[in-house]
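In what follows, every chain begins at residue 1, and chains take the letters A, B, ... in the order their sequences are listed. Keep in mind the model is a prediction, meaning the values are calculated, not measured.
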There are 2 protein chains.
Amino acid sequence: MAARDRRPTIADVAKLAGVSPSAVSFALNGRPGLAKETKSRILAAAAELGWRPSRPAQALSHGKAGAFGLVLTRETDAIGADPFFPAFIAGVESVLSPRGDSLVLHVTGPDDEAAAYTRLAADRRVDGVLLTDMRIDDPRPALTSELRLPAVVVGDPECAQGLCAVGLDDRPAFTSAVERLVELGHRHIAHVAGPQEFRHSRRRQESWELAVRAAGLTPGPVLPGGFTADGGAAATRELLAADARDRPTAIVYANDLSATAGLAVAHQLGLAVPEDVSVVGYDDTPLAAYTHPPLASARADALGWGAAAARALDAVIKDGRADDVELAPAELLPRASMGPAPAGGPGRKSERTTIRPTVRREPC
Amino acid sequence: MAARDRRPTIADVAKLAGVSPSAVSFALNGRPGLAKETKSRILAAAAELGWRPSRPAQALSHGKAGAFGLVLTRETDAIGADPFFPAFIAGVESVLSPRGDSLVLHVTGPDDEAAAYTRLAADRRVDGVLLTDMRIDDPRPALTSELRLPAVVVGDPECAQGLCAVGLDDRPAFTSAVERLVELGHRHIAHVAGPQEFRHSRRRQESWELAVRAAGLTPGPVLPGGFTADGGAAATRELLAADARDRPTAIVYANDLSATAGLAVAHQLGLAVPEDVSVVGYDDTPLAAYTHPPLASARADALGWGAAAARALDAVIKDGRADDVELAPAELLPRASMGPAPAGGPGRKSERTTIRPTVRREPC
DNA sequence: TATGTTGTTTAAACCGCTTTAACGACCGCG
DNA sequence: CGCGGTCGTTAAAGCGGTTTAAACAACATA
């Protein structure tokens with residue numbers, strides 16, 4: 001009767017079932033050596049009291065927190081409208097949740113990032129962390145190793161510095177976007193890049209550049225778009241302000257947010273998409289299919305990515321290491337924002353006369 | 001030097017400082033009764049070893065998890081492009097992080113929702129939860145009370161069922177949107193609503209309706225937009241397919257996502273915004289300022305909301321209750337998507353008679 | 001009868017921290 | 001000189017589990 005006002009503990013269950021606490025623990029964890037009858041009596045008692053073991057207590061005795069950590073390092077204003085994280089997190093959950101584990105989320109400014117990981121490690125609040133948004137010369141792989149905090153890199157293996165990496169190749173999407181544009185007659189293809197510190201921004205830019213060169217063209221200008229609407233708009237204004245002869249006839253954006261803003265700017269400037277300029281994004285935002293015109297983009301399976309990353313982190317925690325995983329690459333979704341290059345007018349004469357574009361696929 | 005290979009514990013610090021573990025605990029927690037000199041010696045030892053108390057151990061001994069829970073109940077496809085949560089979470093973090101507490105995030109399907117809260121409570125993994133996306137007759141306030149899990153409702157006090165509510169009024173934004181539209185000469189104002197199960201969807205719809213009636217007008221049709229791009233697009237197609245005489249000259253959407261999709265549909269149908277139809281959203285998505293034309297919307301301070309909710313939950317945990325909080329209401333940001341009603345009767349312009357809109361009715 | 005054996009069950013130690021109560025040293029005071 | 005009062009410190013008992021090793025029946029073996 002006493003147990004009405006506090007949550008039941010293992011002792012309450014033991015008392016009700018008429019056994020010792022250890023027996024309860026054995027029953028719960030499916031340990032052998034308990035009589036069948038006893039075990040079911042214990043489980044019945046546990047169910048009757050609605051008892052579930054306290055995670056802090058389990059964490060303490062096992063030395064396992066039963067949680068993964070995810071630190072999002074974002075300027076407060078860059079938060080929002082990123083469709084990646086919610087889906088990615090849902091994917092992580094799909095692995096964690098069935099076994100009752102959880103995800104501990106921290107949002108920090110860039111200055112507190114290292115402290116956030118250090119704390120997570122020292123606190124023993126998580127068993128490992130997922131590293132996303134990898135940057136060039138990212139300090140985090142070294143940091144987590146030093147902290148002896150199991151970690152998995154969500155991204156390109158090249159920047160994993162020895163950690164297990166779970167990658168999803170975004171390059172084919174950019175390559176085929178450019179190839180498609182070239183097929184459509186574009187000869188002047190610009191790029192609006194993401195923040196330069198991000199590994200994936202660079203990769204996207206490189207894929208664009210490689211594909212443009214592979215077509216025998218000179219890469220058009222690259223402007224920073226910062227993955228933001230503001231940045232994309234500003235970059236687009238600059239690109240399209242050029243004299244019609246120098247103006248790119250297609251712009252490949254590093255993400256949908258900047259691309260969508262770019263669409264609006266094109267309209268503002270009185271240019272039609274895709275008649276005057278073609279536009280491609282990346283992410284396949286829910287809105288992409290509903291911009292005007294619908295935005296060509298590429299979809300990455302963020303949900304699957306999250307799940308794969310969580311499984312990899314499991315393996316790292318258990319075995320100390322895990323094989324890299326490479327997911328199916330993002331695929332281009334050509335939509336109406338890509339169209340034939342404007343006839344006659346824009347484009348560079350030298351290129352048009354000399355170049356015989358051989359479209360070939362770059363092996364990854 | 002034995003402590004090289006495992007994380008230091010309070011005992012290691014105690015040994016290094018030449019005191020007992022209790023003394024270390026006292027020093028760490030700023031308890032009185034320790035000599036100044038001893039205290040600083042202990043803190044120095046702790047710093048030298050890089051020791052921080054284990055959260056599971058702390059949680060166990062003082063019966064507090066040091067974490068808040070947030071359960072997002074979402075259909076997997078409705079995840080993404082919601083700018084609210086990232087900012088809200090960042091706000092929660094701003095309260096939690098300085099004291100080293102964390103946010104435990106769970107994403108579940110609708111069927112597992114109750115189980116998720118039950119588990120969170122039984123597990124003692126969190127000290128309380130934040131309830132967001134309140135629904136009509138939401139079972140969660142009753143559930144959390146029954147589980148004796150401290151909770152705060154993020155939303156309208158009316159649906160809090162006795163729990164502390166932290167609200168941010170979205171109604172003024174809708175009211176003034178309608179008022180503005182009326183001033184601009186609109187007489188036929190439609191609404192694209194959010195999912196009917198959400199309290200805030202209903203509230204927005206009610207505000208719209210009240211404001212329309214207050215202006216002496218008959219509320220135009222209400223169509224379900226489901227807060228999604230798809231839903232917003234479908235609703236818009238239906239609204240604008242009507243004969244020009246019956247067609248609304250302004251549409252108030254429950255959120256930006258559906259409104260932005262609506263913009264695109266209007267363009268597709270050959271209607272100009274705002275010349276033929278005015279459009280208003282809600283959320284002030286980063287993209288809102290960059291749609292074509294820029295989307296009138298309203299900004300709610302999600303960051304502040306998160307912080308306020310976290311503080312309220314603190315109070316509930318400490319005192320068992322807390323006063324409701326009402327934040328500054330969202331403010332309308334009139335942008336170019338709102339304009340004067342088309343002249344010459346309820347929406348008119350010659351070339352529109354030639355338009356053959358593709359109407360597709362979709363069940364929502 | 002002593003000796004294993006096997007199958008169940010439990011006592012007790014432990015995980016790392018907090019906290020209460022007790023302890024010894026030192027103080028001034030009557 | 002003995003007493004109560006501070007002050008600084010620590011021993012020890014939790015918190016709620018897990019786990020190891022030992023206890024205990026019951027029963028077969030030598």
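Summarising the geometry of His106(B) relative to Ser102(A), their closest heavy-atom pair is NE2-CB, 3.3 Å, with the distance given to 0.1 Å.
Across all strands shown, Val19(A) has heavy atoms under 4.0 Å from sugar-phosphate atoms exclusively, and none from any base. Residue Gly33(B) is in base contact, counting any heavy-atom pair closer than 4.0 Å across all strands shown. As judged by a 4.0 angstrom heavy-atom cut-off over every strand, Ser25(A) is placed among the base-contacting residues.
Between the CG atom of Leu28(B) and the C1' atom of dC17(C) there is a distance of 10 Å, rounded to whole Å. In this structure, Arg52(B) atom CZ and dG16(C) atom P are separated by 17 Å, rounded to whole Å. Rounded to whole angstrom, the span from the CZ atom of Arg31(A) across to the P atom of dG17(D) amounts to 16 Å. Rounded to a whole Å, the CZ atom of Arg7(B) is 12 Å from the P atom of dC17(C). When rounded to the nearest whole Å, the span between NZ of Lys36(A) and P of dG7(C) equals 13 Å. As rounded to whole Å, 16 Å separates atom C1' of dC15(D) from atom CZ of Arg55(B). As rounded to whole Å, 15 Å separates atom C1' of dT6(D) from atom CG of Leu34(B). At whole-Å resolution of the value, CG in Asn29(B) and C1' in dC17(C) are 9 Å apart.
If you find the closest nucleotide of DNA chain D to Trp51(A) and to Lys39(B), the one lying nearer the 5' end belongs to Lys39(B). The 5' end of DNA chain D is approached more closely, in terms of each residue's nearest nucleotide, by Ser61(B) than by the other of Ser61(B) and His62(A).
A salt bridge links Asp101(A) with Arg55(A): the distance from a Lys NZ or Arg NE/NH1/NH2 to an Asp or Glu carboxylate oxygen falls below 4.0 Å.
Here the NE2 atom belonging to His200(B) is positioned 10.0 Å from the CD1 atom belonging to Ile136(B), to the nearest 0.5 angstrom.
Put simply, the side chain of Leu163(A) reaches to within 4.5 Å of the side chain of Ser145(A), judged on heavy atoms.
Taking only side-chain nitrogens and oxygens, Gln58(A) comes nearer than 4.0 Å to OP1 or OP2 of dT18(D). Taking 4.0 angstrom as the limit, Ser20(B) places a side-chain polar atom (N or O) nearer than this to OP1 or OP2 of dT10(D).
For Asn29(A), the CG atom sits in a packed shell: over 12 heavy atoms of surrounding residues, nucleotides or ligands are nearer than 6.0 Å.
The side chain of Leu60(B) has dG16(C) as its nearest neighbour among dT10(D), dG17(D), dG16(C). The listed nucleotides are dC17(C), dG16(D), dT9(D); the one nearest the side chain of Thr38(B) is dT9(D). Relative to the side chain of Ile10(A), the nucleotides dT18(C), dT20(D), dT18(D) differ in distance, and dT18(D) lies closest.
Ser22(A) contributes a side-chain N or O that forms a donor-acceptor pair with the base of dA11(C) under 3.5 Å.
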